[in-house]
Chemist: 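Before I ask anything, let me first share the structure, which is written out below as structure tokens.
Basis for what follows: all heavy atoms, side chains included, without hydrogens, waters or symmetry-related copies.
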2 protein chains.
Amino acid sequence: MHISPDVLVEALRSQGLRITTTRRAVCAVIASRHGQHLTAATIVDDLRSDEVKIDQSTVYRTLDALEEAGLLVHSHLGHGPAVYHLPSEAAHQHVVCSECGATATVPTDSLSGWIGAVRDTTGFEIDPTHFAVTGLCRTCAAKR
Amino acid sequence: MHISPDVLVEALRSQGLRITTTRRAVCAVIASRHGQHLTAATIVDDLRSDEVKIDQSTVYRTLDALEEAGLLVHSHLGHGPAVYHLPSEAAHQHVVCSECGATATVPTDSLSGWIGAVRDTTGFEIDPTHFAVTGLCRTCAAKR
DNA sequence: TTGTTTGCAAATTCTTTGCAACGCG
DNA sequence: CGCGTTGCAAAGAATTTGCAAACAA
């Protein structure tokens with residue numbers, strides 16, 4: 001249930017990218033908060049409160065680099081910022097309450113039948129993890 | 001396969017809202033382009049080229065009013081602006097190609113099994129139409 | 001008249017980009 | 001040293017908001 005920042009750093013290196021202090025720092029945050037819904041802003045705040053000086057554009061660029069290296073994926077939970085996580089945790093579909101913002105996840109494989117049907121009828125190869133679906137959580141649905 | 005602008009206008013009236021020239025104009029565009037993927041910007045452009053002077057903020061506010069009246073729904077096709085359509089056409093799920101932006105739709109009822117499973121396991125009542133799912137269209141998938 | 005709407009401009013939110021200075025390899 | 005990276009500031013895209021003037025009821 002833990003990942004070492006080094007894995008991320010090494011992957012950057014193997015892509016021919018330079019290992020800088022800021023990239024190390026971003027990798028450290030991702031590793032330490034592994035499993036959480038990380039946003040670019042969260043990372044910036046985390047680092048700044050750790051007295052690391054970093055610009056948000058650098059964070060976005062580092063996140064992009066990690067994503068191109070296949071070490072990170074992001075998804076969009078309704079409105080608001082994109083969330084990043086390790087691909088190993090990505091085999092789930094995000095479900096967000098449009099009323100209160102609560103989130104839940106369901107295993108993506110429960111959608112495999114539907115994905116196959118879409119492929120057959122439209123030719124689209126669906127990646128259900130990139131965007132969340134919205135709905136109402138139990139509490140908000142009850143209020144209606 | 002046609003809707004009269006009057007239906008929309010009357011619905012606004014029955015909500016206690018005032019019928020103004022601009023609201024009529026927005027309703028007219030929605031009615032005339034019924035079936036298409038309408039964005040706020042499209043409506044503004046349409047009206048302006050029809051020599052109707054209207055501000056985008058007014059369009060957004062009118063769209064909100066129509067949506068609250070239950071006459072319109074919007075969904076998010078990946079990045080980019082929200083698209084609006086009549087609820088009668090809403091019983092479909094949007095599928096967008098993350099590479100080229102091509103869209104397809106699939107009937108929502110093909111997802112009903114999954115929606116039921118999500119309700120049972122998480123308590124969430126999913127509205128699959130509000131956000132599109134992304135993937136690769138046949139052409140872009142073939143390029144990989 | 002009076003409370004609702006409108007237009008305009010400015011603010012917001014999230015993300016990207018141009019560019020000169022910086023620092024890894 | 002040279003080119004990839006960074007910080008900064010500004011640009012962008014989509015949408016929202018504050019406010020005084022305009023207008024429907």
Chemist: In whole Å, what is the span from the CZ atom of B/Arg13 to the C1' atom of C/dT5?
Modeler: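 So the CZ-C1' distance, B/Arg13 to C/dT5, works out to 16 Å.
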Chemist: Could you tell me whether the side chains of A/Arg24 and A/Thr20 share a donor-acceptor contact shorter than 3.5 Å?
Modeler: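 No donor-acceptor contact under 3.5 Å links the two side chains.
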Chemist: Rounded to whole angstroms, how far apart are NE2 on A/His74 and C1' on C/dT15?
Modeler: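 Whole-Å distance recorded here is 11 Å.
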Chemist: Could you check how far NE2 of B/His76 sits from C1' of D/dA13, rounded to whole Å?
Modeler: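 The answer, rounded to whole Å, is 14 Å.
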Chemist: Are B/His76 and B/His94 close enough that a side-chain donor and a side-chain acceptor fall under 3.5 Å?
Modeler: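 No - no donor-acceptor pair under 3.5 Å links their side chains.
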Chemist: Taking atom CZ of B/Arg33 and atom OG1 of B/Thr42, what is their separation to the nearest 0.5 Å?
Modeler: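 Taking CZ in B/Arg33 and OG1 in B/Thr42, the distance rounds to 6.0 Å.
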Chemist: Give one of base, sugar-phosphate or nothing for A/Ala82, where a contact means two heavy atoms less than 4.0 Å apart.
Modeler: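 Sugar-phosphate only.
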Chemist: What are the atom names and distances for every N/O pair under 3.5 Å that joins the protein to nucleotides 4-8 of chain D?
Modeler:
unit_1	atom_1	unit_2	atom_2	d
D/dT5	OP1	A/Arg18	N	3.1
D/dT5	OP1	A/Arg23	NH1	2.9
D/dT5	O5'	A/Arg23	NH1	3.1
D/dT5	O5'	A/Arg23	NH2	3.3
D/dT6	OP1	A/Thr20	OG1	2.9
D/dT6	OP1	A/Thr22	OG1	2.5
D/dG7	OP1	A/Lys53	O	3.0
D/dG7	OP2	A/Asp55	N	3.3
D/dG7	OP2	A/Thr58	OG1	2.5
D/dG7	N7	A/Arg61	NH2	3.0
D/dG7	O6	A/Arg61	NH2	3.0
D/dC8	N4	A/Ser57	OG	3.3

Chemist: Between atom CD1 in A/Ile43 and atom P in C/dC14, what is the gap in whole Å?
Modeler: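 It works out to 14 Å between those atoms.
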Chemist: Could you tell me the separation between the CG atom of B/Leu38 and the P atom of D/dA14, rounded to a whole number of Å?
Modeler: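 Roughly 15 Å, once rounded to whole Å.
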Chemist: Can you list, pair by pair, the side-chain donor-acceptor contacts under 3.5 Å of residues 3-13 of chain A, counting residues two or more places apart and other chains?
Modeler:
unit_1	atom_1	unit_2	atom_2	d
A/Ser4	OG	A/Asp6	N	2.9
A/Glu10	OE1	A/Arg13	NE	3.1
A/Glu10	OE2	A/Arg13	NH2	3.1

Chemist: How close or far is atom P of C/dC14 from atom OH of A/Tyr60, stated in whole angstroms?
Modeler: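 One finds 8 Å between P of C/dC14 and OH of A/Tyr60, rounded.
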Chemist: Quickly work out the B/His79 NE2 to D/dG12 C1' distance and round it to whole Å.
Modeler: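 Value for this atom pair: 14 Å.
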Chemist: So, B/His85 and B/His34: side-chain donor and acceptor under 3.5 Å apart, yes or no?
Modeler: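 Side-chain D/A pair, B/His85 to B/His34: absent.
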Chemist: If you link ILVMFWY side chains whenever their heavy atoms are less than 4.5 Å apart, which other residues fall into the same cluster as B/Ile126? By chain and number, please.
Modeler: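 Grouped by the 4.5 Å side-chain rule, A/Val95, A/Val106, A/Leu111, A/Trp114, A/Ile115, A/Val118, A/Phe124, A/Ile126, A/Val133, B/Val95, B/Val106, B/Leu111, B/Trp114, B/Ile115, B/Val118, B/Phe124, B/Val133 form the rest of the cluster around B/Ile126.
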Chemist: Measure CD/A/Gln56 against C1'/D/dA10 and give the value in whole Å, please.
Modeler: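 It works out to 12 Å between those atoms.
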